[in-house]
Amino acid sequence: MRRDALTTFTDLGVFPPIAEALERVGITEAFPIQEMAIPVALTGSDLIGQARTGTGKTFAFGIPLLQRIVAPGDRDYGLANEPGKPQALVVTPTRELAVQVNGDITTASTVRKVRITTLYGGRAYEPQVNALTKGVDVVVGTPGRLLDLAAQGHLDLSHVKVLVLDEADEMLDLGFLPDVEKLIALTPELRQTMLFSATMPAAVIGLARRYMRHPVNIRAESPDETQTVPTTAQFVYRAHQLDKDEMVARLLQAESRGLAMIFSQTKRAAQRLADELKDRGFAVAAVHGDLGQGAREQALRAFRSGKVDVLVATDVAARGIDVEGVTHVVNLTCPEDEKTYLHRIGRTGRAGASGVAVTFVDWDDLTRWKLINDALDLPYPEPVETYSSSEHFFHDLGIPPGTKGTLPRSERTRAGLEAEQLEDLGETGKARGRQPRRRNGGRRRTRGGEPAAAGHGHSEPRFDDEARPRRQRSRRRTRGGKAVDDGGSAGHAPEADPTATS
DNA sequence: AAAAAAG
């Protein structure tokens, strides 16, 4: 359901302090999921919201959540809620996502005095406990720490009137379900429950009904429409293991590349690739669960600011993370399932921007890839056999042929790969120690220039100003101190929300 | 089997 006329938040029933707070950062226009969900959510109804990655789900629940609570400065303060007890709770599957969602909700709350806090693991208890002691209206957090603080008597969820499960299908998945159930049990039965995700399997909706009362289903797209984002061009290759580092390095030389995220199946492989790319002279950071929380957040901050323009990650960064300027996503190996694929490649092509998603599929994973391909109705049943020297690989990704053979290959790459492969074959009994760091090999980054070439007859990935989405962002954003010009024209940008997360 | 999430 699209309207031709621009819909403002005020049109949707959003009250002045929130509309004004959003206006202050240049957010004036509601996007489809917001347009559909906000009026329903404001009535207090339970709802299940589904919309593609990067199309504005966070504000779709964040805005009504703020409007439905009573803040200290509000005139009718104290009517319905005990001061200082959280009235709204948002649960996310990763700590970094909790931080991000906290930031977005805070953005919409700057005009009112709303106390919002983030509660998650890997950090000291003291500041979190102190915040709770002082009094909090909205809590965003991850399950483990929330339960922990509740068990210790610091967190009282008995006054929660709005509960949101962000990335709801993940939160209701086997790994999280027990904790999430415990959390829900700590909240009042009479509450509003909202579920949001880009992926919402029917089974999950069925399960969710146990925790909801007559939920309204809201989908920003028709059910038969593709779940992938049309402005992201997808490429699927069958690559050889020993060639992958080289392919990634070449891919990172694509013209007009912005930020790139590379997804790995394991923490160790992610760290190894990050080290390797660093050796090759790329500005890269790694984020995965083997790192301390400080290092994880530092990596993400460096990436957001553009201090590093390559982030190697495990699936810890697959969902919800919204970083402006990500033009390339690489899957080092075939993702687990279509949901993971969708969320990973959804880190690019956000809010109407163009993106490129490259997936490497090993021989062993061909069957699994076909399942993903079929589930999402993609046109890539047979991944293209490719080597780092293949002409069409360069052509597809817009890399000038002249760069061939210019990248140093570190010795550690081969050593690491061979050791890993032996391990896979079960031929090494003991854990492999970390390889010694080599000194920086060279600086080979090439950026900017001509638009990237098209591939597979899909939408043309281009990052020059002329290829930017027609629907211009109404918000000026800055990154690394300088303004980012979003430009505008061409393309078929469906919706655009600056601070969207999925 | 891996990753995430409490420590």
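The sequence lines fix the lettering, A, B, ..., with proteins before strands; numbering per chain opens at 1.
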At 4.0 Å (heavy atoms only), tell me whether A:Gly175 reaches a base, stays on the sugar-phosphate, or touches nothing.
base
Checking all strands, does A:Glu336 fall into the base, sugar-phosphate, or nothing category for heavy-atom contacts under 4.0 angstrom?
base
Counting only heavy atoms not in A:Glu126 (residues, nucleotides, ligands), do more than 12 fall under 6.0 Å from its CD?
no
Please determine if A:Arg272 and A:Asp275 form a salt bridge, counting it only when a charged side-chain N lies under 4.0 Å from a carboxylate O.
no
Is there a ring pair (Phe, Tyr, Trp, His ring centres under 6.0 Å) between A:Tyr341 and A:Trp369? Walk through the geometry before answering.
CA-CA 10 Å; A:Tyr341 178 76; A:Trp369 169 255; 5.3 Å; yes
Using a 4.0 Å cut-off to any heavy atom of chain A, which nucleotides of DNA chain B are the first and last in contact, reading 5' to 3'?
B:dA1 to B:dG7
Quick one: list whatever passes salt bridge (Lys or Arg N to Asp or Glu O under 4.0 Å) with A:Asp290, sequence neighbours left out.
A:Lys267
Please classify the nucleic acid contact of A:Phe263 as base, sugar-phosphate, or nothing, using heavy-atom distances under 4.0 Å.
nothing
Determine, for A:Arg344 against A:Glu336, whether the closest basic-nitrogen to carboxylate-oxygen distance falls under 4.0 angstrom.
no
Quick one: label A:Arg123 by what it contacts on the DNA or RNA (base, sugar-phosphate, nothing), any heavy atom closer than 4.0 Å.
nothing
Basic-acidic side-chain contact under 4.0 Å: A:Asp309, A:Arg257
yes
